[in-house]
Number of protein chains: 2
Amino acid sequence: MMVLSYDASVMKTNTTLEALTLFYKLLANESRLSILLALRDGEDNVAGICGRTGLSQTLVSHQLAVLHRSDVVRSRRDGRRTFYALADKHIDIIVGFALDHLAEKEVGHE
Amino acid sequence: MMVLSYDASVMKTNTTLEALTLFYKLLANESRLSILLALRDGEDNVAGICGRTGLSQTLVSHQLAVLHRSDVVRSRRDGRRTFYALADKHIDIIVGFALDHLAEKEVGHE
DNA sequence: GCATCATATGACAATACCATCATGTGTCAA
DNA sequence: TTGACACATGATGGTATTGTCATATGATGC
């Protein structure tokens, strides 16, 4: 049973194929991807992310929880707010990379 | 309604976010990813892919159809056989890239 | 403490996806 | 043309995922 959300500490027991699939599953949702793209511009709190993505607070919190459980984003509390950021440069690079290549492919199709 | 399978010709009307999501959805399944990883070694026919992935013929055909509809793989008929290959280097590069970074991240977690 | 702000969590209906079984189609050899 | 081979397709049951509503939790100021 493959589940979207997984505990990062379990990942070592997964095969590479499973790990890679889980990783892509995280990116394979418009809400989550939208959040990640927003975070490429730098860290932001939940309200800020809601504003920038147009998603509801509940949805953003849910998806941030998913992304956080999988160590894709990290969180930092500041008073009542929680700021989220991409956990490392990998996500940033990988998403950017795919975007570039997708764009390139689009052009190629014209 | 976001659907995994989409007609590649429709993609121009999608936003970048949608297109990127659809792209990742294609990779977010263990069977498809397994097929794509197999095809990184070069083109192969359905039976060959079944052998290398351990997946059933029906499943492989189904997933190849999905990947083909989205222009991720291309097909070539040779007699009774159909050979499939990655449509371009993008997929190869992107998957390899994610694999490398995932590996790197794993090491970082030790 | 109490109200409020900011975020998190639980439960759930709707939907999407997956893998399988059964069957269909196209190709070749005899 | 028939049979076997190689692959494709349709239908379907089971399951996973999605987004929403309602509600809970934690922090701050008064």
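Here is the naming used below: chain letters follow the sequence lines, and residue numbers restart at 1 for every chain.
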If only side-chain N and O atoms of [X] are considered, is one of them under 4.0 Å from the OP1 or OP2 phosphate oxygen of [N]?
X	N	result
B:Asn29	C:dC17	no
B:Arg32	C:dC17	no
B:Tyr84	D:dA6	no
A:Arg80	D:dG29	no

Nucleotide of [options] approaching [X] most closely (side-chain heavy atoms):
X	options	result
B:Gln63	C:dC21, C:dT9, C:dA19	C:dA19
A:Arg81	C:dG10, C:dT7, D:dG19	C:dT7
A:Asn45	D:dC7, D:dT17, C:dT7	C:dT7

query: If you take atom types as modelled and just measure distance, does the side chain of A:His62 reach the base of D:dT20 with a donor-acceptor pair under 3.5 Å?
result: yes

_Between the base of C:dA8 and the side chain of A:Gln57, is there a donor and acceptor pair under 3.5 angstrom?_
yes

Q.
Between B:Asp88 and B:Arg74, does any NZ, NE, NH1 or NH2 come within less than 4.0 Å of an OD or OE carboxylate oxygen?
A. no

Pair B:Arg81 + B:Asp78: basic N to acidic O under 4.0 Å: no

For a quick check of understanding: with a heavy-atom distance under 4.0 Å over all strands, which category does A:Thr82 fall into, base, sugar-phosphate or nothing? sugar-phosphate

Between B:Gly79 and A:Ala47, the residue closer to the 5' end of DNA chain C by nearest nucleotide is A:Ala47

